[in-house]
There are 2 protein chains.
Amino acid sequence: MTTPQLRDAILRGEFLPGERLVEAQLMTRFSASRFTVRAALQDLASEGLVQVERNRGAHVRKVSLEEAVEITEVRMVVEGLIAARAAERVTDEQAGELDEIGLLMRRAVETQEHRRYSDLNQRLHGFVRQIAGHGTADRIVETLRGQLVRHQFTLSLLPGRPQISLPQHERVIAAIRDRDPKAAETAMRDHIASVIEALRSIEQLGGPS
Amino acid sequence: MTTPQLRDAILRGEFLPGERLVEAQLMTRFSASRFTVRAALQDLASEGLVQVERNRGAHVRKVSLEEAVEITEVRMVVEGLIAARAAERVTDEQAGELDEIGLLMRRAVETQEHRRYSDLNQRLHGFVRQIAGHGTADRIVETLRGQLVRHQFTLSLLPGRPQISLPQHERVIAAIRDRDPKAAETAMRDHIASVIEALRSIEQLGGPS
DNA sequence: GCTGACAGGATTGTCAACAATCCACCGGGA
DNA sequence: TCCCGGTGGATTGTTGACAATCCTGTCAGC
């Protein structure tokens, strides 16, 4: 399949938002047939990563900041649901691993390893989703996440962000560990609400990219 | 396009869940080319209405009751978000129309016009989404709704349901009219939580359809 | 009678050629 | 100079044929 290759290429930023995706180019780029390329474009269009207009071809979807906020708002409530369910289903072993991730995060913040913190951030969210085992919510969050990787990328490197989000993450972990669904949902929502704030603050700095 | 035709046919129940969708049959059924049929199947697969397995063709997706609950759980939180935002943005005119829908609902319950009540139910939810103007949430809810029309169909005709859901709907309307986002979200979540309960109760009656 | 391999048909996957469409460029006229 | 219509090249849309795969029914061997 070419779909994952093209997806990765877009997510890595090898194609810029708004850039045209010409079928012939992609054929040589991935040494695939046109049939395969078109299928991949269709798939990614349904994921919201590319936009296809009839007779006008495919572009990498450009998400405005307003859209990014919308997407993150939905992520906020869905991940809240996920956190609540994770709190209901977490096993002792999983709780231990959550605590460990929390520890690593704190250490990464202390040593200012921003990239590592960003990775742990993703790992935490992913692990919570795994604990929840909510297939429907999982798919949606994954799709939404893909739509704004480029925004998130800039976000995690904002100065001061880790200091803000670390305690939020720790609260999420604590609530799940304590098997308190309501607190877990609130903590997760508060966390992502602050992500939205940060997103909005970027706008005033002159927009993402 | 054949996609809407096929979608409608599935939603109307002309193809039963689990039924095989043979391309050749669909070609004659919709007098469309195979290319078009395949595109439609792909589209509906990305909407979750159809399931395609490589070399094994497409089936109408069969959603288990557990999945239906999952789907409705996500709908619960996303429509909660929508209700909150509707409460922030509702105009006076829209508030008036909301009240009117509420009135019609109450009347439909009193006269036991179940089908009419079900229609008004959809109209209310749709109108709230329109007020909210949240494109991302809107798409997701619409997609999710499509995935369990067959369940909902049986649900709205359950005896006693209207009496339970009417006051919930009225609370949603009141909260939005009063421009109270938090109350609107709570009311909407409570309402859909009760839908989930009703869904679960069906299981004990021997499954849906 | 039962199991397993093996055709045969049905169904889907893939391709390459052709048709339709759009876009940018060019030239003529006001 | 500016506007407008036409034209050619590039790009996407669609078709039909062919290849690969899977499922079903059949038959030989145990």
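Chain A is the first sequence line, chain B the second, and so forth, proteins listed ahead of strands; every chain is numbered from 1.
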Side-chain N or O of [X] less than 4.0 angstrom from OP1 or OP2 on [N]?
X       : N      : value
B:Arg38 : C:dT12 : no
A:Arg54 : C:dT21 : no
A:Ser33 : C:dT14 : no

Nearest-Å distance, [atom1] ([X]) to [atom2] ([N])?
X       : N      : atom1 : atom2 : answer
A:Leu41 : D:dT11 : CG    : P     : 14 Å
A:Glu19 : D:dT11 : CD    : P     : 13 Å
B:Glu23 : D:dG16 : CD    : C1'   : 14 Å
A:His59 : D:dT11 : NE2   : P     : 12 Å
B:Gln42 : C:dT14 : CD    : P     : 10 Å

Checklist entry - For B:Ile176 and B:Val90, which heavy atoms make the closest approach, and how far apart are they? => result O-CG1, 3.4 Å
Checklist entry - Would B:Arg85 and A:Glu70 satisfy salt bridge (Lys or Arg N to Asp or Glu O under 4.0 Å), going step by step from the backbone distance to the final call? => result CA-CA 11 Å; B:Arg85 184 144 145 163; A:Glu70 275 196 358; 3.5 Å; yes
Checklist entry - If you check the A:Phe35 side chain, which of C:dT14, D:dG13, C:dT12 turns out closest? => result C:dT14
Checklist outcome for this item: Regarding the side chain of A:Arg56, the nearest nucleotide among D:dT11, D:dC22, C:dC22 is C:dC22
Checklist entry - When we call it a touch if two heavy atoms are under 4.0 Å apart, what does A:Arg34 touch: a base, just sugar-phosphate, or nothing? => result base
Next on the checklist: Mind checking if A:Leu21 touches a base, just sugar-phosphate, or nothing, with heavy atoms under 4.0 Å?
Outcome noted: sugar-phosphate
Checklist entry - Which comes earlier along DNA chain C counting from the 5' end, the contact point of B:Glu53 or that of A:Asn55, where each point is its nearest nucleotide? => result B:Glu53
Item to check | side chain to side chain contact (heavy atoms under 4.5 Å, CB included) evaluation trace for B:Arg20 with B:Gln25 | outcome: CA-CA 10 Å; B:Arg20 250 190 106 177; B:Gln25 291 175 9; over 6 Å; no
Next on the checklist: Salt bridge or not between B:Arg145 and B:Glu142? Use side-chain N to carboxylate O under 4.0 Å.
Outcome noted: yes
